[in-house]
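Some notes on the structure that comes next.
What you see below is based on every heavy atom in this structure, not just the backbone, and it leaves out hydrogens, waters and symmetry mates. Sequential numbering from 1 along the given sequence is applied to the chain's residues.
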Amino acid sequence: MSTTRHELLHAFDLLLAPGRFKDYGPNGLQVEGRTVVRKIVSGVTASRALIEAAIHAEADAIFVHHGLFWRGQDGCVTGWMKQRLGLLLGDDVNLFAYHLPLDAHPELGNNAQLGLQLGLVAHPGSAGRFGEQELGFLGARENGENFASAKALATHVEKVLKRPVTLVDTAHRPIKNIAWCTGGAQGYFEAAIAAGADAFITGEISEPQAHYARELGVAFLACGHHATERYGAQAVAAHVAAQLGLKHEFIDIDNPA
């Protein structure tokens with residue numbers, strides 16, 4: 001089975017609705033490759049290692065969360081940019097990238113899929129969203145139980161994501177309401193606190209968040225940017241590939257960040 005590049009782009013756009021978001025770079029087809037697509041490789045970031053692996057896997061298209069082009073770049077095709085583009089153009093491989101639209105999708109996005117992995121369910125309707133463009137999710141454990149402490153929550157997250165978690169917690173109390181937003185969403189911490197969270201899960205921590213956690217009694221868990229965003233791209237790509245009858249393979253390029 002195969003489809004066209006145009007049909008594949010339409011399927012991604014229809015599912016993720018990129019026009020609804022104010023983003024940091026272009027969403028959609030970032031690098032045009034061959035017209036006919038039979039296989040999609042998904043990954044987190046359009047790194048050289050992922051592009052090389054996708055070419056080796058005989059992919060016609062690559063689908064990622066972190067593409068090549070971001071607001072504020074100097075626009076020069078040199079160094080790492082030349083190397084990545086050279087591989088894509090040389091092998092005529094399409095590159096599709098969706099940033100905030102992939103975070104936000106209510107079932108297949110990064111936040112929804114991280115919640116699924118951790119056994120968390122967002123509260124219904126607007127009560128289950130917070131932050132700019134309502135990207136953050138707020139909910140509780142699927143089984144209805146509280147975590148005995150933020151440390152117990154951190155241990156659970158470490159087991160699921162298979163990596164250490166940086167935990168800042170001074171309240172030492174049971175955790176019921178849990179907010180989460182994947183990747184570099186540490187700036188959403190204050191909005192999560194305002195929404196009533198007992199703990200906030202994201203990828204990274206910056207200097208101010210440790211003080212907020214200590215002063216306001218809300219636990220902060222930094223679980224890795226890459227580690228929290230491994231699930232959305234593969235879920236979306238697998239969904240669209242099944243819809244169009246295409247082959248799909250997720251390739252995880254390890255990243256300690």
Side-chain angles (χ1 to χ4, degrees), residues 16 18 20-27 30 42-47 49-50 63-73 80-81 84 97-106 108-118 120 122 129-138 153-154 157-158 160-169 178-195 197 199-213 216 218-236 252-257:
L16 298 174
R20 295 194 300 112
F21 297 89
K22 182 180 178 182
D23 214 332
Y24 307 99
N27 290 298
Q30 288 198 346
S42 63
V44 178
T45 299
S47 64
L50 177 65
F63 179 86
V64 296
H65 180 48
H66 302 135
L68 293 181
F69 306 107
W70 301 95
R71 188 173 63 206
Q73 287 177 321
W80 62 267
M81 180 66 82
R84 297 182 193 182
Y98 291 82
H99 187 232
L100 297 184
L102 183 59
D103 288 322
H105 192 276
L108 301 174
N110 281 324
N111 288 321
Q113 289 293 306
L114 179 63
L116 183 65
Q117 294 292 322
L118 296 177
L120 306 177
R129 298 290 186 275
F130 70 93
E132 185 181 356
Q133 303 187 76
E134 297 187 331
L135 291 173
F137 280 39
L138 179 70
L153 172 59
V157 174
E158 288 180 339
V160 172
L161 299 186
K162 297 180 174 59
R163 62 157 290 148
V165 166
T166 298
L167 170 65
V168 182
D169 173 47
I178 301 170
W180 68 97
C181 194
T182 64
Q186 59 266 52
Y188 277 52
F189 188 32
E190 290 176 272
I193 294 170
F200 179 56
I201 297 170
T202 189
E204 302 179 13
I205 185 169
S206 298
E207 196 271 349
Q209 284 80 50
H211 300 294
Y212 300 153
L216 298 173
V218 177
F220 189 102
L221 291 81
C223 310
H225 194 130
H226 177 89
T228 58
E229 295 190 331
R230 284 185 300 212
Y231 306 105
Q234 59 180 298
V236 167
D252 189 24
I253 304 298
D254 184 55
N255 188 334

Under the side chain to side chain contact (heavy atoms under 4.5 Å, CB included) criterion, do H65 and Y98 qualify, and how do the steps go?
-> CA-CA 5 Å; H65 180 48; Y98 291 82; 6.0 Å; no
Residue that, paired with F189, satisfies ring pair (Phe, Tyr, Trp, His ring centres under 6.0 Å) out of W180, F220, F130:
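When W180, F220, F130 are each tested with F189, the ring pair (Phe, Tyr, Trp, His ring centres under 6.0 Å) holds only for F220.
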Item to check | N110 versus D103, side-chain donor and acceptor atoms under 3.5 Å | outcome: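 Short answer, yes.
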- Task: Verify whether one side chain among D252 and H226 offers a donor that lies under 3.5 Å from an acceptor in the other.
- Result: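 Checked: D252/H226 side chains pair up, N/O donor to acceptor below 3.5 Å.
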Side chains of [X] and [Y], heavy atoms from C-beta outward: is any pair under 4.5 Å?
X	Y	value
V236	L16	yes
P101	D23	yes
I253	T45	no
F200	E190	no
L118	I178	no
V168	Y212	no

_Checking H225 now: which residues fulfil side-chain contact (heavy atoms from CB on, under 4.5 Å) with it, not counting sequence neighbours?_
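H66, E204, E229.
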TODO: Walk me through it: do H99 and W70 pass the test side chain to side chain contact (heavy atoms under 4.5 Å, CB included)?
DONE: CA-CA 10 Å; H99 187 232; W70 301 95; 3.7 Å; yes
Donor-acceptor pair, side chain of [X] and main chain of [Y], under 3.5 angstrom:
X	Y	result
R230	V44	no
Q186	A222	no
Q117	Y231	no
T202	C181	yes

> Which heavy-atom pair separates L153 from A199 by the least distance, and what is that distance?
Replying inline: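 That closest heavy-atom pairing would be CD2-CB, 3.8 Å.
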Practice task
Show your reasoning for whether side chain to side chain contact (heavy atoms under 4.5 Å, CB included) applies to L114 and L161.
Solution key: CA-CA 9 Å; L114 179 63; L161 299 186; 4.0 Å; yes
